[in-house]
Peer 1: 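A single structure is presented below for examination.
It should be emphasised that the depicted structure is a prediction, and the values quoted were computed from it without experimental measurement. Just so we're on the same page: letters track the sequence lines, and every chain starts at 1.
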Amino acid sequence: MYNFKKIEKKWQEYWEENNIYKAKDDYSLPKEYNLVEFPYPSGVGMHLGHIKAYIGMEVLSRKQRLEGKNVLFPIGFDSFGLPAENYALKMGIHPKIVTKENEANFTRQLKRAGFSFDYSRIFSTTDPEYYKWTQWIFCKLYEKGLAYKDHTYVNYCPNCKVVLANEDSQGGKCDRCDSDVIQKEKDVWFLKITAYADKLLEGLNEVNFPDRVKIEQENWIGKSTGAYVNFTVKETDDKLKVYTTRPDTLFGVTFMVLAPEHPLIDKNKDKISNMEDINNYRLEAQRKTEFERINLVKDKTGVKIDGLTAINPVNNKEIPIYISDYVMMGYGTGAIMAVPAHDERDYEFAKKFGIDIIEVIKGGNIKKEAYTKDGEIINSEFLNGINNKKEAINKIVKYLEEKGIGEKAIQYKMKDWAFNRQRYWGEPIPIIYCDKCGTVLVPEEELPLKLPELKEFKPGPDGESPLANATDWVNCKCPKCGGPARRETDTMPQWAGSSWYYLRYTDPHNDKELASPEKMKYWMNVDVYNGGTEHITRHLIYSRFWHRFLYDIGAVNTKEPYQRRTTIGLILGSDGQKMSKSKGNTVNPDDVIDAYGADVLRCYTLFMGDYGAEAPWNDQGVNGISRFLNRIYRLADHVVEGSNYTEKFETIINKTIKKVSEDIDNLKYNTALSELMKLVNAYYEEETITKADFRVLLVLLYPFAPHLAEELNEKKNLGEVICKSSWPKYDSEKVIDQEKEIAIQVNGKVRDTIKVPNDASKEEHEEKAFASEIIKKWTDGKEIIKVITVPGRIVNIVVK
RNA sequence: GCUUGUGUGGCGGAAUUGGUAGACGCACUGGACUCAAAAUCCAGCGAUAGCGAUAUCAUGUGGGUUCGAGUCCCACCACAAGCACCA
């Protein structure tokens, strides 16, 4: 086995000394910006997932540099957030110190794996010089009315004692600790991402994201169109406003349902005779965990509100009002008009409570179930006879608008981004509360608002932020009136720093702006952004929102940050299960590098399978890659003088250049490597190969196994160091084999093969095909109906 | 429940986009080298029948379109991911 330890260290030093990783601010060069999701530097160091996530862009970047492109391939650290703090709590060291140690360790590991990041651009989200601009963006959002404080029910993790955004509590579980999330009434800072819902949807049209990513984001945003309808409440002057996507069924409404928290109830409690029942129900609903709510879908519960009656504005019918937890305060208006004949949930509720069911759309059997499809409208006065849903909706909405009892409306599932966390290790929110002036921004010249040094940074028992203890820091002067004031003690969520980091890479040490406009103009957009699927409805949405906001205020010049998004598949344990410490199926990349070298680790993670699909780790597979690289190492002994390709290899070399080049661009690394293996196998068929033959193999190998490629190139004196050379070009005339093997079918079944020159005519194919003894055997005595010949592909003879 | 994927040898996976299914690698079997082992090299390797040339079957299941289907269409099954009472 070759001495990879010596070789790899040597070349890593050479590359770094020669600055080959550095992106140049030379705007005349064609640029490529390849981005990977920067890591949270955990104490245990890098795992295989990091390697796989980075190696894809790494190979692409190394190739593009040889193609003469100015490549920005940066790395940094996303070091704020709960995990860093929990780790620091556990180890009893200040998060700042722990973070810096971990970052240093990560950097060492990255270099050891041979990653060609531009290390001169490293920064951490925890650097005050960086989070100054995170805070600045918050200020801009606040100035534009897109950051606001509200006292409301929010997702809250009782274990982490922290408020969570919707995106942090998908499936009703806390993203961090998997505890059941509860709804808690809190003071919450929100970012008005819903104001950008449409822009986020539109933006998807101009980017190259996989369909899956687009669909998931569309679903998460969850746009629906319908109408608001104002019902009157008979006993009061109040209107009861509902949102519906089916205003065409308005004549089928037989009851109304309010969310348990709906304000109409408390407002009219004097008029309600069963307030006690209602309050009991509300308490019970609040106690239910998300899990129970989901699993009790079929079992509808609720209470009728005695004393309040709604009136249907289209026919003045009196209808009862219920409360039920199947209606949620957070969507629409927190109240619905129930049409049991044509909505499954309303149907179940009506059946359970014995409420009338009025059919207004023909076509189903409402005695058995709700009918939710299209049909002719009946029992609906002026809508009767319409057979088309769209038409009916248009007509009724027009009617509602004319009468002033309703209007067209749009709703989104996405909610505003709950933005404050009751934690120490995050960016302080630059807000000051003054008794006289109210809520005031920290002035721009005072940014960064630095985190105060604190010894005790555990959150309070009821979720108070640890920053509240830093009294010297909390008590301050109001920037407006100079009077006594207090600082906001909550910090930003961990997603804040990662929402704009790709901009900072273009100009990481700028102390005057978040990045210089010229540099952003040159480098943006990110050309390829590679990362995990878990961020599709989190980081990827948030950063698209911030970027679009920055565009709207003129801070950046593109609407979307990422031109192309690619996703990576997980590396599973050798048992096919997700790698986890508890299962004992983890593999430490450092161990692999120790045993086989970085080049083997790099190639193996790419050869395992499709880059976008998950695949199990296999130690013997690693060994196979090691064998492959050693085979190349030994191939050096077969090299003889010669500046031309060996004639026999001309075609395969050109083919390989073509395939490897295309495969890298398409992120199909596994087949690129198999192509290189084929070339090596072909070389071994001859006693000798020329220097030119060997050199082209090494250059193609270089993005994958750069250390070995450079070493052999130097050892055999084949030319300039590869990192300063150029990517080989292929001759498109030479990628075609001179002679091709063609299958001959009889009735669609392959019976024989023939060899024809690559430019053979149709007639030549058929002539040769019919000359075959085997084909004669299959066609003799049969009637030939037709012959299908695709030159270069196939000859199919149809007989009867 | 809804949405989106995926399903190919013992295993990871290829397949020019409708044209010789199983490239490449792993594992395995036999052989060479060696005192021996490792490493390396050579040969074989979907299933069934046959000494063999060869034949039949075979890409989750069942149907269809086509000269020809892993690839297109319909139905079903299994697994994975995402969403989840969104009115």
Side-chain angles (χ1 to χ4, degrees), chain A residues 1 170-172 210-220 222-224 226 242-246 249 257 259 290 293-300 324-328 330-339 342-346 348-349 411-415 533-534 536-537 569-570 572 574 576 604 607-610 612-625 627-628 630-631 634 659 668 670-678 680-681 684 741-754 774 777 785-790 792-799:
Chain A
M1 197 187 248
Q170 296 182 11
D211 283 345
R212 178 189 165 188
V213 174
K214 287 191 183 185
I215 289 164
E216 263 185 49
Q217 292 207 343
E218 278 165 14
N219 290 345
W220 185 256
K223 183 178 184 173
S224 84
V242 300
Y243 172 72
T244 178
T245 53
R246 297 296 304 274
T249 61
V257 187
E290 197 81 15
R293 285 180 74 145
I294 290 163
N295 284 278
L296 294 174
V297 166
K298 288 268 175 291
D299 194 20
K300 294 277 178 292
S324 172
D325 62 4
Y326 86 88
V327 173
M328 279 153 305
Y331 184 79
T333 62
I336 62 157
M337 56 175 233
V339 185
H342 307 292
D343 181 281
E344 281 167 28
R345 294 148 303 177
D346 298 347
E348 281 158 28
F349 194 88
Q411 285 290 326
Y412 302 94
K413 284 194 214 173
M414 185 169 66
K415 292 178 184 153
T533 52
E534 71 275 20
I536 296 171
T537 54
L570 278 175
L572 305 173
S574 47
Y604 179 65
F607 189 64
M608 288 174 79
D610 185 280
E614 48 181 37
W617 186 263
N618 181 342
D619 286 324
Q620 277 155 335
V622 180
N623 205 39
I625 290 294
R627 214 177 281 169
F628 165 61
N630 276 293
R631 231 163 112 76
R634 290 194 308 271
K659 187 77 165 57
K668 296 185 78 178
N670 55 336
T671 47
L673 277 165
S674 87
E675 233 35 52
L676 291 175
M677 288 172 181
K678 280 189 214 173
V680 171
N681 290 345
Y684 264 102
E741 203 180 49
I742 300 292
I744 311 300
Q745 300 181 332
V746 177
N747 286 351
K749 288 201 171 172
V750 179
R751 295 302 178 187
D752 197 11
T753 57
I754 53 167
I774 298 167
K777 209 176 78 190
I785 297 171
K786 63 173 159 178
V787 180
I788 294 128
T789 305
V790 185
R793 288 274 163 84
I794 206 150
V795 178
N796 187 11
I797 302 160
V798 186
V799 298

Peer 1: CD1 of A:I794 versus P of B:U17: gap in Å, rounded?
Peer 2: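 To the nearest whole Å, that distance equals 14 Å.
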Peer 1: Can you tell me, in whole Å, how much space there is between the P of B:G7 and that of B:U71?
Peer 2: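 To the nearest whole Å, 11 Å.
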Peer 1: Side chains of A:L676 and A:F628: does their closest heavy-atom pair fall under 4.5 Å?
Peer 2: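 Yes - at least one pair of side-chain heavy atoms lies under 4.5 Å apart.
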Peer 1: Taking a pair as Watson-Crick or G-U wobble with both distances under 3.5 Å, which nucleotide is matched to B:A78?
Peer 2: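 The answer is B:U6, by the H-bond criterion.
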Peer 1: What's the CG-C1' distance between A:N630 and B:A39, to the nearest Å?
Peer 2: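 That distance rounds to 10 Å.
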Peer 1: Taking A:D752 for its side chain and A:I744 for its backbone only, find out whether a donor-acceptor pair lies under 3.5 Å.
Peer 2: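 No; zero donor-acceptor contacts below 3.5 Å.
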Peer 1: For the P atoms, the ones on B:G9 and on B:A53, what distance do you get once it is rounded to whole angstrom?
Peer 2: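 Roughly 25 Å separates the two P atoms.
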Peer 1: For A:K786, answer base if it contacts any base atom (sugar-phosphate contacts may also be present), sugar-phosphate if it contacts only those atoms, and nothing otherwise; contact means non-hydrogen atoms under 4.0 Å.
Peer 2: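 The answer is sugar-phosphate, as A:K786 gets under 4.0 Å only of primed atoms, P, OP1 or OP2.
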Peer 1: A:Q745 near the nucleic acid: base, sugar-phosphate alone, or nothing, with a heavy-atom cut-off under 4.0 Å?
Peer 2: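 Contact class for A:Q745: base.
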Peer 1: Taking the nucleotide of RNA chain B with the closest heavy atom to each, which residue, A:N623 or A:I215, is nearer the 5' end?
Peer 2: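 The answer here is A:I215.
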Peer 1: Rounded to whole Å, how long is the line connecting atom CD of A:E614 with atom P of B:U6?
Peer 2: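 From A:E614 CD to B:U6 P: 13 Å.
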Peer 1: Is there a side-chain contact between A:Y331 and the phosphate of B:A87, meaning an N or O under 4.0 Å from OP1 or OP2?
Peer 2: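 For B:A87, OP1/OP2 do have a side-chain N/O of A:Y331 under 4.0 Å.
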Peer 1: Need the pair for B:U54. Rule: Watson-Crick or G-U wobble, both distances under 3.5 Å, any strand; none if unpaired.
Peer 2: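 For B:U54, the partner nucleotide comes out as B:A49, under the 3.5 Å rule.
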Peer 1: Does B:A39 have its OP1 or OP2 closer than 4.0 Å to a side-chain nitrogen or oxygen of A:R631?
Peer 2: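 No, outside the criterion.
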Peer 1: Can you tell me how far P of B:C41 sits from OH of A:Y684, to the nearest Å?
Peer 2: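 So the OH-P distance, A:Y684 to B:C41, works out to 6 Å.
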Peer 1: Separation of A:E741 atom CD from B:A15 atom P, in whole Å?
Peer 2: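 For the pair A:E741 CD and B:A15 P, the rounded distance is 20 Å.
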Peer 1: Phosphate oxygens OP1/OP2 of B:G68: is one of them under 4.0 Å from a side-chain N or O of A:R751?
Peer 2: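 For B:G68, neither OP1 nor OP2 has a side-chain N or O of A:R751 closer than 4.0 Å.
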Peer 1: Paired with B:A21: which nucleotide, if any, by Watson-Crick or G-U wobble criteria at under 3.5 Å for both distances?
Peer 2: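 Its partner is none (no Watson-Crick or G-U wobble pair with both distances under 3.5 Å).
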Peer 1: Could a donor-acceptor pair under 3.5 angstrom be found where the side chain of A:E344 meets the base of B:G1?
Peer 2: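 In this structure, the two groups form no donor-acceptor pair.
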Peer 1: RNA chain B: A:D211 or A:D346, which has the more 5' nearest nucleotide?
Peer 2: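 Result: A:D211.
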Peer 1: Indicate, with a heavy-atom threshold strictly under 4.0 Å, whether A:G222 touches base, sugar-phosphate, or nothing.
Peer 2: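 No contact at all - A:G222 keeps every heavy atom at 4.0 Å or more from the nucleic acid.
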Peer 1: For the side chain of A:S674, counting heavy atoms from C-beta on, which of B:A87, B:A84, B:A23 is nearest?
Peer 2: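 Comparing B:A87, B:A84, B:A23 against the side chain of A:S674, the answer is B:A23.
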Peer 1: Is there a side-chain contact between A:R793 and the phosphate of B:G68, meaning an N or O under 4.0 Å from OP1 or OP2?
Peer 2: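 It does not, given that no N or O in the side chain of A:R793 lies less than 4.0 Å from OP1 or OP2 of B:G68.
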Peer 1: What integer number of Å spans the C1' atoms of B:G30 and B:U4?
Peer 2: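 After rounding to an integer number of Å, I get 48 Å for this pair.
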Peer 1: When the P atoms of B:C41 and B:A27 are considered, how many whole Å apart are they?
Peer 2: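 Between the two P atoms, the distance is 13 Å.
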Peer 1: Where the side chain of A:N747 meets the backbone of A:V799, is there a donor-acceptor pair that is under 3.5 Å apart?
Peer 2: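 At least one qualifying donor-acceptor pair exists.
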Peer 1: B:U34 pairs with which nucleotide, Watson-Crick or G-U wobble, both distances below 3.5 Å?
Peer 2: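 Here B:U34 is not engaged in any pair, so there is no nucleotide opposite it.
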Peer 1: Do any side-chain nitrogens or oxygens of A:N796 fall under 4.0 Å of OP1 or OP2 in B:U66?
Peer 2: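 No, outside the criterion.
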Peer 1: Between atom CG in A:D610 and atom C1' in B:G5, what is the gap in whole Å?
Peer 2: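 These atoms are roughly 13 Å apart.
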Peer 1: Please report the distance separating the P of B:C28 from the corresponding atom of B:A81, rounded so that it comes out in whole Å.
Peer 2: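 Their P atoms lie roughly 32 Å apart.
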Peer 1: Any side-chain heavy atom of A:M608 sitting closer than 4.5 Å to one from A:I625?
Peer 2: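 No, side chains not in contact.
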Peer 1: Could you tell me how far B:U3 sits from B:U8 if I compare only their C1' atoms? Round to whole Å.
Peer 2: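 That atom pair is separated by 26 Å.
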Peer 1: Have a look at A:K668 and say if it touches a base, only the backbone sugar-phosphate, or nothing, with a 4.0 Å heavy-atom cut-off.
Peer 2: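 A:K668: backbone/sugar contact only, no base atoms under 4.0 Å.
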Peer 1: Please report the distance separating the C1' of B:A15 from the corresponding atom of B:C24, rounded so that it comes out in whole Å.
Peer 2: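 My reading of the C1' atoms in B:A15 and B:C24 gives 12 Å.
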Peer 1: Would you check if A:Q745 and A:I788 make a side-chain contact, meaning some heavy-atom pair closer than 4.5 Å?
Peer 2: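 No, their side chains stay 4.5 Å or more apart.
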Peer 1: Counting side-chain heavy atoms from C-beta on, which of B:A27, B:G82, B:C24 comes nearest to A:Q620?
Peer 2: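 Output: B:A27.
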Peer 1: Starting from C1' on B:C85, measure out to NE2 on A:H342 and report it in whole angstrom.
Peer 2: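 Checked: the NE2 to C1' distance equals 19 Å.
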Peer 1: I'd like to check A:N219 versus A:K413 (side-chain heavy atoms, cut-off strictly below 4.5 Å). Are they in contact?
Peer 2: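 Of all side-chain heavy-atom pairs linking A:K413 with A:N219, none is under 4.5 Å.
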Peer 1: What does A:T244 touch in the nucleic acid at a heavy-atom separation under 4.0 angstrom: a base, only the sugar-phosphate, or nothing?
Peer 2: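 Sugar-phosphate, no base atom in range.
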Peer 1: A:K300 NZ to B:G1 P: how many Å, rounded?
Peer 2: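 One finds 15 Å between P of B:G1 and NZ of A:K300, rounded.
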Peer 1: Ignoring backbone atoms, establish whether A:K678 has a side-chain N or O less than 4.0 Å from OP1 or OP2 of B:C24.
Peer 2: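 No.
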Peer 1: Give me syn or anti for B:G70, where syn covers glycosidic angles within 90 degrees of 0.
Peer 2: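 Anti for B:G70; the angle lies over 90° from 0.
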Peer 1: Counting heavy atoms from C-beta on, name the nucleotide in B:G13, B:A87, B:A27 closest to the side chain of A:R627.
Peer 2: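 Nearest listed nucleotide: B:A27.
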Peer 1: With a cut-off of less than 4.0 Å, is there a side-chain N or O of A:N747 near OP1 or OP2 of B:G68?
Peer 2: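 The answer is no; no side-chain N or O of A:N747 sits under 4.0 Å from OP1 or OP2.
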Peer 1: State whether A:K749 places a side-chain N or O below 4.0 Å from either non-bridging phosphate oxygen (OP1 or OP2) of B:U54.
Peer 2: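 So the side chain of A:K749 is outside the cut-off, no N or O lying under 4.0 Å from OP1 or OP2 of B:U54.
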Peer 1: Expressed in whole Å, how much space separates the C1' atoms belonging to B:C72 and B:G19?
Peer 2: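 Here B:C72 and B:G19 have their C1' atoms 14 Å from each other.
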Peer 1: Tell me whether B:U17 sits syn or anti, counting syn as a glycosidic angle within 90° of 0.
Peer 2: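 Base orientation: syn.
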Peer 1: Consider only side-chain N and O atoms of A:D619 and A:Y604, and report whether a donor and an acceptor are under 3.5 Å apart.
Peer 2: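 No, A:Y604 and A:D619 have no side-chain donor paired with an acceptor closer than 3.5 Å.
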Peer 1: Go through the steps for A:I336 and A:D343 under the test side chain to side chain contact (heavy atoms under 4.5 Å, CB included), then give the verdict.
Peer 2: CA-CA 12 Å; A:I336 62 157; A:D343 181 281; over 6 Å; no
